[in-house]
Amino acid sequence: MEEEILRQRLWRIRQIEALGFKPYGHRFDFTHTIPEIWQRYGDAPASELGPDVRVRICGRVHTIRRMGKAGFAHLLQGGQKLQIYVRKDSVSEREFTLYQKLLDLGDIIGVDGYLFRTKTGELTVHVSQLDFLAKTLLNMPEKWHGLEDIETRYRQRYLDLIANPDVREVFIKRSRIIASLRRQLEARGFVEVETPMMQPIYGGAAARPFVTHHNALDLDLYLRIAPELYLKRLVVGGMDRVYEINRNFRNEGISSQHNPEFTMLEFYQAYTDYRGLMDLSCELLAQTAIDATGSPVVTYQGHQLDFSRIRRLSLREAIIEYWPGSPKPTWEQLADPRWLSQHATADTPGAALVELFERVTEDKLIQPTIIYDYPVETSPLAKSKEDEPDFVERFEIYAGGMEIANAYTELNDPLEQRRRFEAQLERRARGDEEAHQMDEDYLRAMCYGLPPTAGEGIGIDRLVMLLTNSRSIRDVILFPLLRPEPEIGLAAKLRALEEELAATRP
RNA sequence: GAGCCCGUAGCUCAGCAGGUAGAGCACCGGCCUUUUAAGCCGGGUGUCCUGGGUUCGAAUCCCAGCGGGCUCACCA
């Protein structure tokens with residue numbers, strides 16, 4: 001079938017050329033995009049349309065209804081469709097032959113004509129001239145079920161975008177979300193920067209990295225797991241408000257909330273602390289929700305998430321509040337290493353607390369919630385609380401049961417940082433692959449003085465999930481990582497058919 | 001990494017107590033000058049994911065592999 005289709009289409013290309021058209025055109029100067037036509041003329045009554053309202057538009061043939069000496073088609077462009085009407089006595093003979101005999105669903109054409117309304121009232125272009133712009137060689141997905149097969153949707157996202165209008169909307173919203181965040185940060189004096197993706201020492205998070213190699217320097221490099229340590233070097237250099245929106249790479253499992261490469265907004269603001277960033281986060285998230293959806297209240301998987309009223313509670317309060325059954329643990333028990341070791345497997349009291357939090361609380365945090373004050377053991381780059389040195393000034397934001405942000409007052413004491421790094425090295429020596437490495441170059445930067453600073457990372461993909469009501473991270477990443485397809489075999493097929501066709505003189 | 005589920009035409013899917021591979025759309029030929037899931041007449045175009053096995057006979061049953069999905073683990 002596929003081979004037969006290809007043969008037909010290649011044969012048609014030859015016929016298209018014989019009529020004096022180019023099967024793959026160069027340029028088409030249009031007067032309106034299809035969305036612009038709808039915006040300008042969507043409400044225009046028939047009396048305001050007619051031969052005087054001339055337009056040139058282009059798009060992909062989405063449906064086609066041919067009658068003997070006339071026909072209708074819908075062109076698709078910019079996610080919207082517009083009908084065209086082609087009559088034998090309104091176009092040249094070669095144009096009508098092209099329309100009637102050589103046009104396939106999916107071909108890209110341009111038309112010149114005037115706007116009118118059909119007897120059912122549909123806005124339509126009455127075509128007077130028809131240009132051919134690109135031939136499709138393969139069958140398009142079916143027109144009303146769309147493309148359902150998840151694997152094909154991810155592997156051939158272009159088909160997904162053509163066939164499923166909702167998908168296009170998700171990625172347009174994604175773009176709007178990122179633009180909104182940029183706009184808001186710029187308005188507050190933040191400067192966008194780009195720091196290395198390839199790093200000799202990876203840091204800023206606890207994760208396993210991807211390794212690559214630079215040949216000329218004969219140097220192993222890591223794809224970054226976070227930009228944190230570079231962004232803070234910039235704060236040392238006097239860039240008091242910096243941010244970066246870019247990819248991080250973590251060599252971990254894949255799930256509906258994890259892709260090996262994912263997009264993170266990370267920003268640093270000097271002279272504030274985590275309380276300041278809590279306030280900033282609330283403003284950013286509420287405005288981003290408004291810019292993406294028109295409202296700070298968004299529907300996510302049947303829940304109404306309100307980004308204008310973000311609750312704040314400490315990690316320990318959250319454990320107590322969400323503890324299943326009773327009696328709930330007391331504040332004293334959460335401070336008791338023996339009680340903690342009886343209720344968790346982690347090897348330190350702080351790690352046990354985090355473990356309990358993740359077990360009893362994380363997936364219950366549906367409404368946007370700030371969780372603050374984390375144990376020092378799990379936060380080697382965060383500043384300790386003045387009155388409670390076993391905890392650090394750190395918060396995370398949860399929504400829809402997912403972690404979407406992580407922030408803290410930055411540890412800016414190089415002597416304390418050295419001790420934290422060394423504690424991490426010990427964990428590493430005990431086999432914790434995700435413990436931080438010593439980064440002396442960063443330590444040196446700190447020795448020149450990092451001002452009091454707070455920094456935050458927001459997982460863009462997860463935020464987009466929340467604001468587009470997407471259940472899987474793969475639905476908000478255009479090309480999620482998949483195993484490669486074994487063999488497509490298209491090149492050989494095309495070569496054979498071209499040779500076959502060359503052997504047949506027209 | 002483990003468990004469960006799925007893989008049939010270009011697309012969406014049926015067929016699976018083992019007995020000649022099906023439907024709609026798409027596609028091919030014909031008719032049709034306001035159609036719109038256009039319509040009417042005629043045509044099935046396939047590595048039933050791959051490789052083994054059981055059987056007289058496998059899309060169907062068994063085993064292995066490949067690809068995907070979900071759950072769990074991992075993701076401080």
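Hydrogens, waters and symmetry mates are skipped; everything else that's a heavy atom, side chains included, is used. The shown structure was predicted, so the numbers you read here are calculated from the model rather than taken from an experiment.
Side chain A/Glu151 to base B/G69: no donor-acceptor pair is found below 3.5 Å. For A/Glu122 against B/U35, a side-chain-to-base donor-acceptor contact under 3.5 Å is absent.
Counting non-hydrogen atoms under 4.0 angstrom, A/Phe116 reaches a base of the nucleic acid. At a threshold of 4.0 angstrom between heavy atoms, the contacts of A/Leu147 are confined to the sugar-phosphate backbone, with no base atom among them. Within 4.0 Å of A/Arg87, counting heavy atoms only, lies at least one base atom of the nucleic acid. Heavy atoms of A/Arg66 sit under 4.0 angstrom from at least one base atom. Residue A/Gly146 is classed as a sugar-phosphate contact, given heavy-atom separations below 4.0 Å to backbone atoms only. Residue A/Lys119 is classed as a base contact, given a heavy-atom separation below 4.0 Å to a base. Contacts of A/Glu485 with the nucleic acid, taken as non-hydrogen atoms under 4.0 Å apart, are absent. Nucleic acid contact class of A/Thr63 (heavy atoms, under 4.0 Å, all strands): none. Residue A/Gln83 is in base contact, counting any heavy-atom pair closer than 4.0 Å across all strands shown. A/Asp89 comes within 4.0 angstrom of a nucleotide base, judged by non-hydrogen atoms across all strands. Among the heavy atoms of the strands lying under 4.0 Å from A/Arg474 are primed sugar atoms or P, OP1, OP2 only; no base atom is included. Contacts of A/Leu159 with the nucleic acid, taken as non-hydrogen atoms under 4.0 Å apart, are absent. Among the atoms of the strands shown, only primed sugar atoms or phosphate atoms (P, OP1, OP2) are found under 4.0 Å from some heavy atom of A/Arg155.
With sequence neighbours excluded, the residues forming a salt bridge (charged side-chain N to carboxylate O under 4.0 Å, His left out) with A/Lys493 are A/Glu2, listed by chain and number. Under the side-chain contact (heavy atoms from CB on, under 4.5 Å) criterion, A/Ser92 pairs with A/Arg94, A/Glu95, not counting sequence neighbours.
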Steps toward side-chain hydrogen bond (donor to acceptor under 3.5 Å, both in side chains) verdict (A/Glu410, A/Tyr408):
CA-CA 6 Å; A/Glu410 303 302 332; A/Tyr408 36 87; 4.8 Å; no
One pair to check against side chain to side chain contact (heavy atoms under 4.5 Å, CB included): A/Asp461 and A/Ile477. What are the steps and the verdict?
CA-CA 7 Å; A/Asp461 310 281; A/Ile477 291 175; 3.5 Å; yes
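No side-chain donor-acceptor contact under 3.5 Å links A/Asn259 and A/Arg474.
For the pair A/His145 and A/Arg117, nearest-nucleotide mapping onto RNA chain B gives the more 5' position to A/His145. Residues A/Leu103 and A/Arg65 both approach RNA chain B. Their nearest nucleotides, taken by heavy-atom distance, put A/Leu103 toward the 5′ side.
Relative ring orientation between A/Tyr274 and A/Phe395 is described as tilted, the plane-to-plane angle lying within the 30° to 60° band.
At least one cation-pi condition fails for A/Arg157 and A/Phe479: the charged atom is not both under 6.0 angstrom from the six-membered ring centre and inside a 45 degree cone around its axis.
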N/O to N/O distances under 3.5 Å, protein versus nucleotides 4-8 of chain B:
none

